[in-house]
Amino acid sequence: MPHDGRARTGVSEPRAREADAADTGSPPPVPEAVTSERALTFVGAALTAVYLPGAGNQELRLVETAGGARCEYGLPDRLPLSGDSPAAHTFRTGRPLWLTSEALASYSTGGPTPPRPETSLAALPLGTERGRLGCLVVVGDSADGFEAEQRRFLEQYADAVLAVLRTGTGRPAPSRLLSPALRSLCVGSFVITPDTGLIEADETLLELAGITPDDFDGKADTLLAHALPEDMHALMSVLEPSTQTVGRRELEFRVRRPTGEMRWLSLSCQVAAGCDGRPEQVLGVVTATSVLRQSADDVSRIQWLTAALDDAVTVRDVSRVVVTALGEPLGADRVALAELQDDRLAVTVLDPPEPAAWPQWWRSEWRSEWPDAPVSALPTLQMALRDGRMDLWSAGAALEPGLAGIGAGGLAVLPLPAKGWVAGVCLVGWDQPHEFVPEERFLLTATAALVGQALKRARAHDAEQELATMLQRSLLPRRLPELPGGTAVARYLPAKRGLQVGGDWYDVIALSEDRVALVIGDVQGHSAGAATIMGQMRTAIRAYAVEGHPPDVVVSHANRLLVGMETDLFATCCYAELDMEEGNALFVRAGHLAPLLRHPDGRTEEVQVEGGLPLGILADAEFPMTTCALAPGTVIVMVTDGLVEAVDLPLDEGMDRTRTALAGADPADPGEMADELLGELDPREDDVALLLLRYDGMKTRPIRAGWAVWRLPDAVMHARRFTARALRRWKVEEVTDAALLVVSELVTNGLVHTQGPVRVDLMLRGDRVRVSVSDCSPRSPAKPVIVDWDATGGRGLLLVEAMSESFGSVPVAGGKQVWSELVVPHCDQAHVDSGPRTQRRGLP
């Protein structure tokens with residue numbers, strides 16, 4: 001762990017005078033400032049400070065310090081963001097700075113004033129590229145800077161400070177950051193007086209050992225009683241140090257908590273001698289093994305590795321454990337872990353991660369985040385994987401270019417066996433000549449066996465989650481359509497248990513230029529079966545909606561389909577059809593939660609939609625429609641029950657909470673609004689779907705005219721006359737010839753090839769005229785494949801397509817609609833007749 005240093009421990013003298021009090025009750029609590037200073041002293045930190053952006057984000061402002069006296073080091077209160085200071089540089093770039101005393105001298109501002117030759121400095125960013133909230137500055141007590149283990153601890157400390165800082169997002173920053181952050185890392189501290197057997201322990205240390213403050217009497221024996229007998233000898237050497245043990249010591253030990261759980265703890269202590277050279281105090285810190293460096297003892301290392309791999313779920317988790325277990329304990333300069341996938345090696349972790357630290361050949365294979373290369377390109381690895389035995393290459397060994405430079409001083413190649421086959425390979429390299437002692441060989445062999453099994457298990461977990469994610473993404477919309485007159489956003493969060501795939505779904509269906517359908521639903525359960533039914537229901541509802549059926553018919557058809565599937569699962573859904581031009585909405589609810597509205601003035605309400613049975617219960621169930629008028633600026637929110645209901649959250653309370661969040665959200669950004677409605681949902685018992693639409697109203701309202709075609713010999717002539725009159729009234733005569741040709745061809749096809757009514761609809765929006773002809777045949781018109789001189793027909797659709805900007809056919813209720821769009825050159829919408837927006841001619 002960190003280097004020596006007790007010069008600025010600032011630890012209060014143990015309360016030997018309170019020995020009698022220890023027998024009668026709990027000793028008084030240790031001040032938090034004292035415990036924080038003890039812990040930071042052991043990572044070489046003399047002073048820790050937090051800088052946050054000031055008003056206008058033009059400067060960094062010092063908000064809190066911990067450790068030594070701030071006036072002693074003279075850190076400035078304010079630092080310009082554009083200036084030459086370590087804190088400003090780190091805030092701008094997002095990269096930490098580790099400065100020795102010599103490197104610190106090159107910075108004109110931001111360091112201790114006046115400069116000290118024995119002082120180093122670290123600056124760590126608080127945040128990521130998406131947003132940095134400040135900077136953590138640590139003044140070190142060594143001119144050589146911070147050691148690797150100290151850096152790792154300070155990086156964790158910076159993450160903890162960031163977590164505390166983020167709890168105040170949207171509110172004033174917390175008044176204290178450093179102490180709560182250190183407390184969240186569970187670092188305990190103590191002071192032992194060997195002559196009296198008394199120990200001054202803080203609450204964190206007691207919690208790690210499983211002792212409540214009320215049960216602690218201030219005696220070291222009380223703490224020792226919780227340690228395992230096998231570790232008692234090492235702990236007694238700390239409690240009763242000899243004159244030969246004065247200095248720094250580190251060890252690992254185990255404690256048995258009252259629940260029966262065994263916990264590994266790391267202890268780092270400094271034995272201080274008195275005037276006579278005898279041990280006078282033992283000052284130290286204790287933490288869980290994930291924070292401080294583990295012991296070099298082989299048995300304890302393997303025990304720790306076994307426990308750590310048991311907690312590792314993903315391949316990345318396993319990789320991080322391997323780096324921790326091998327990198328620092330063996331003094332290795334490089335550690336690489338790669339999975340064997342067919343005949344290729346896919347690297348999962350590199351330490352260090354910088355490409356410059358690895359051979360040029362590796363950089364040439366850097367296809368994505370890590371290198372990916374065929375096994376045949378690395379004969380040494382191919383041989384090790386085939387034999388399944390560890391290979392140790394000493395300094396100066398001749399290796400192929402793919403391995404040269406990884407371990408110039410020594411290279412360990414560890415195949416990772418897993419139940420009869422090899423799951424991957426681990427490479428450990430040293431720059432300086434390295435001797436492989438027997439203890440290291442034992443550690444490497446045992447590590448390879450444990451990691452291979454863990455890697456195989458983690459790979460299976462990752463594949464399962466990847467399959468679930470791919471399934472869920474394939475069943476939900478990849479993207480939502482752009483809507484005229486509104487903006488829709490959606491969110492989906494899988495459940496945090498099981499396969500992480502569920503039955504919640506949503507969809508936004510553009511029915512026409514001015515109509516859109518919103519649907520959200522939930523199939524019972526969250527499993528692969530529920531996801532399959534969900535995909536079928538979403539596809540069915542979309543198909544029924546695109547056919548032009550009204551909302552109640554769409555939901556009724558979906559209900560009959562689910563009943564016919566003979567599944568044990570049922571589904572709920574809420575369907576809405578919006579007229580974006582008129583601002584009307586039709587809602588249908590099948591056992592689902594009612595939608596929420598946020599009015600332009602900020603009021604929220606739950607739409608009282610008359611509900612029906614869930615889908616799949618009764619084939620003849622009825623689903624009544626409810627009408628609602630929308631004003632521009634209204635936000636529609638549709639959710640599933642995973643957002644508003646949980647074991648500890650009643651439905652009514654969840655809906656009220658969502659309405660409150662909806663009222664306080666800013667509708668200017670629908671995406672951010674959806675994120676605020678989700679809030680903090682971890683851990684989730686159920687999957688969550690949310691669909692939100694902000695209705696803005698149509699900026700350009702179309703003009704329409706319609707004509708019911710009579711089945712008479714001169715029907716086409718009347719349709720052409722109606723079209724010419726409408727275009728002349730709209731002052732867009734430029735497209736009259738093209739429009740008359742389109743009308744002639746499409747109306748003729750409708751009269752000749754279909755039975756029943758035929759209708760012509762014209763619409764002008766902006767600089768486009770849309771001609772639509774509807775008939776009662778569901779068959780789409782087919783263009784001829786070959787048109788020769790002997791053909792008597794088939795050229796009409798080719799002419800229509802040639803004259804149109806766009807052309808197509810869509811199904812509608814009871815038939816189809818063939819449409820053509822024509823561009824009006826130099827169209828001036830202001831000159832269009834301001835008469836009725838919709839004109840209808842002919843028989844209904």
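Throughout, numbering of the chain's residues begins at 1 and tracks the sequence.
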Does any N or O in the side chain of R92 come within less than 3.5 Å of the main-chain N or O of L81, such that one atom is a donor and the other an acceptor?
yes
Would a distance-only check, ignoring hydrogens and angles, find a side-chain to backbone donor-acceptor pair under 3.5 Å from T287 to C186?
yes
For [X], side chain to side chain donor-acceptor pair (under 3.5 Å) partners two or more places apart:
X: E59; answer: R78
X: D144; answer: none
X: S85; answer: none
X: D84; answer: none

Can you name the residues that form a side-chain contact (heavy atoms from CB on, under 4.5 Å) with T100, not counting sequence neighbours?
E102, A103
For L330, which residues count as a side-chain contact (heavy atoms from CB on, under 4.5 Å) partner, sequence neighbours excluded?
L326, W430, E440, L443, L444
Drop me the distance from [X]'s [atom1] to [Y]'s [atom2], to the nearest 0.5 angstrom.
X: L205; Y: L223; atom1: CG; atom2: CG; result: 5.5 Å
X: Q150; Y: S142; atom1: CD; atom2: OG; result: 8.0 Å
X: L416; Y: C426; atom1: CG; atom2: SG; result: 6.0 Å
X: R132; Y: T90; atom1: CZ; atom2: OG1; result: 9.5 Å
X: Y157; Y: L182; atom1: OH; atom2: CG; result: 5.0 Å

Decide yes or no for [X] and [Y]: does some side-chain heavy atom of the first lie under 4.5 Å from some side-chain heavy atom of the second?
X: L165; Y: L177; value: yes
X: V318; Y: V451; value: yes
X: E200; Y: F190; value: no

If you count heavy atoms of other groups shown closer than 6.0 angstrom to CD of E155, is the number above 12?
yes
